[in-house]
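Working notes, structure below.
Bear in mind the structure is a predicted one, so any value in this text is a computation, not a measurement. The basis for the numbers below is simple: all heavy atoms, side chains too, and nothing from hydrogens, waters or symmetry mates.
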Amino acid sequence: MTRPGTFESEGRPINLINSINDPGWDKQISGCPDASVFHTAGWTRVLIDTYGFQPLHLVFDGGSQPQAILPLMEMRGILGSRRAVSLPFSDTCPPLVHPHPGSIRRQSDHSPRSGSDSCFLNEPVAQYEGLLQAGIDLARERRWRFIEFRLPGPGFPGKPAYCRYHGHGLDLTPPKDTLFDSFASATRRGIRKAEQSRLDLEVSRERAALRHYYDLHCDTRKRQGVPPQSWRFFSAIHEHLLRHNQGFVVLARKNDRPVAGSVFLHFNGRAVYKFGASDFRFQHLRANNLVMWQGIRHCRNIGCRNLDFGRTDHENEGLRRFKQGWGTREFPITYHRYSTDRNEFLESTRKGPGWLNAVFRHVPVPLARLVGALLYRYAA
């Protein structure tokens, strides 16, 4: 594992930190409202335990607390090449800049949140530009093939985007009835229909509940033509997040049979809807609506101020409409990828879903799980 040390960028020393070696890491980052579960030591441990990635967080020292942080994970490709992402399997993971009076501006209307202040900067300032340059300098020094940044908002001004997505955020601070009234009429009808279907709801942090969710997850991914991530990944989520009260599972059952479920993660008053799945044979019960509504209510009950619904591909209008139906605010998500070989930011050449999706729809679940366990290490 990479040892703590220092790195110099533009004549300024920057600390290289492995967050799991710092027992006070989560407390330090909680000083910035933009710190999410993806910035925590627990999420870092999930990625280490599952995939063996190496954490290299760039920290601008501010004395008693970090002034700015760029979280990074170093990964190896199939042929041994190295790359870094901030951060793998996180839909967004902005750099963190601690607020100092007069030194930063608040975020713009592209914010995925409301109801709370934010340290994330959609407009560049010295610390933020310094983090970007430090990441590029480190990429060159360590001979990474590329470095990737995953940002909520329009991204770095003047830099081409590698990928763009839709993001959706929900302010959880209004009263429960006000929240419900803000949902689209179809969403409210779906909740009421599910309530009439006599479904049993469970909110749990237990491993068994996550395992029930995982079975639904594998079937749903097969239907979507995408291999599921390994149970090892979900087991690590339970070990390092759910067991430490940084996440929970919501399950809906019909006659004791799980028919829908979701996994929510949370930290620092911010919740993330990370995974959702269902049994297609029971779609008419609208259990997904009831699971989401229960997740929203539970997030409010434990003190979360906002809920991030994750990223949505531009091509997936159905999922986009589902998220919009919950009264969310839509905002852009921008990924930047800098190539050290070409010494420039790249524009994506990726295409939409193709023949591989059709193949995976017909692959048996056990084989798809095996493929996912091998593939995601290199596709993060």
Side-chain angles (χ1 to χ4, degrees), residues 33 36-37 91 109-118 152 166-205 209 213 216 220 245-254 258-280 282-312 316-331 333:
S36 76
V37 70
D91 296 330
D109 289 338
H110 295 290
S111 167
R113 297 167 297 282
S114 58
S116 66
D117 287 335
S118 172
H166 296 299
H168 297 87
L170 178 64
D171 179 10
L172 299 178
T173 58
K176 184 179 69 174
D177 291 344
T178 303
L179 265 180
F180 187 85
D181 290 341
S182 72
F183 302 159
S185 58
T187 302
R188 298 196 302 270
R189 286 195 304 272
I191 294 172
R192 294 189 179 105
K193 179 176 176 59
E195 290 174 337
Q196 296 168 0
S197 300
R198 298 184 179 180
L199 295 167
D200 296 317
L201 285 177
E202 175 188 4
V203 177
S204 175
R205 292 188 283 119
Y213 167 78
L216 291 169
T220 299
N245 197 26
Q246 291 183 341
F248 60 90
V249 181
V250 181
L251 288 175
R253 287 184 169 89
K254 182 65 175 178
V259 296
S262 293
V263 178
F264 295 82
L265 306 178
H266 57 86
F267 173 77
N268 205 34
R270 297 187 57 202
V272 178
Y273 165 60
K274 184 56 179 163
F275 300 107
S278 62
D279 188 327
F280 189 74
F282 295 88
Q283 186 182 30
H284 63 284
L285 300 180
R286 305 301 294 271
N288 282 330
N289 290 69
L290 194 58
V291 164
M292 179 63 76
W293 179 223
Q294 180 62 41
I296 289 171
R297 287 181 291 180
H298 189 70
C299 286
R300 292 184 73 257
N301 291 342
I302 62 177
C304 293
R305 299 180 300 275
N306 41 65
L307 173 62
D308 189 333
F309 280 64
R311 79 184 191 191
T312 303
N316 197 339
E317 276 299 316
L319 181 59
R320 183 187 183 190
R321 286 194 299 271
F322 175 79
K323 294 179 178 180
Q324 288 174 327
W326 294 94
T328 58
R329 175 189 296 183
E330 187 171 89
F331 60 95
I333 292 176

* side chain to side chain contact (heavy atoms under 4.5 Å, CB included) between L179 and L170, intermediate numbers included -> CA-CA 9 Å; L179 265 180; L170 178 64; 4.0 Å; yes
* Trace of the side chain to side chain contact (heavy atoms under 4.5 Å, CB included) decision for D308 with N306 -> CA-CA 7 Å; D308 189 333; N306 41 65; over 6 Å; no
* To do: List the steps and the verdict of side chain to side chain contact (heavy atoms under 4.5 Å, CB included) for V250 and H298.
  => CA-CA 9 Å; V250 181; H298 189 70; 5.8 Å; no
* To do: Check step by step if side chain to side chain contact (heavy atoms under 4.5 Å, CB included) holds for Q283 and V259.
  => CA-CA 8 Å; Q283 186 182 30; V259 296; over 6 Å; no
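Every residue meeting the side-chain contact (heavy atoms from CB on, under 4.5 Å) condition with T312, not counting sequence neighbours, appears here in chain and number order: H166, H168, N316, L319, R320, K323. Remark: R321 engages E317, Q324 in a side-chain contact (heavy atoms from CB on, under 4.5 Å) (not counting sequence neighbours).
A donor-acceptor pair is defined here as one N or O able to donate and one able to accept, closer than 3.5 Å; no such pair exists between the side chain of R286 and the backbone of A194. Side-chain N or O atoms of R253 include none that pairs as donor or acceptor with a backbone N or O of D200 at under 3.5 Å. The backbone N or O of G325 lies less than 3.5 Å from a partner atom in the side chain of T187, making a donor-acceptor pair. Judged purely by atom type and a 3.5 angstrom limit, N268 has no side-chain atom pairing as donor or acceptor with the backbone of R270. Distance alone, capped at 3.5 Å, is enough to place a donor-acceptor pair between the T220 side chain and the S278 backbone. In terms of modelled atom types and a separation under 3.5 Å, the side chain of K193 and the main chain of N289 share no donor-acceptor contact.
By the 30° and 60° cut-offs, the orientation of the rings of Y273 relative to F264 is tilted. A tilted orientation is assigned to the rings of F275 and Y213, their planes being inclined by 30° to 60°. Using bins of under 30°, 30° to 60° and over 60° for the plane-to-plane angle, the ring pair F183/W326 lands in the perpendicular bin.
In plain terms, the two heavy atoms of L201 and A252 that are nearest each other are CD2-CB, 3.9 Å. Nearest heavy-atom pair across S36 and F267 is O-CD2, 3.6 Å. Across all their heavy atoms, V291 and S262 have their closest contact at CG1-OG, 3.3 Å. Smallest separation of non-hydrogen atoms from V37 and Q246: CG2-O, 4.2 Å. The shortest heavy-atom contact between F248 and G295 is CZ-O, 3.9 Å.
Considering SG of C299 and CG of L307, their distance stands at 5.0 Å, rounded to 0.5 Å.
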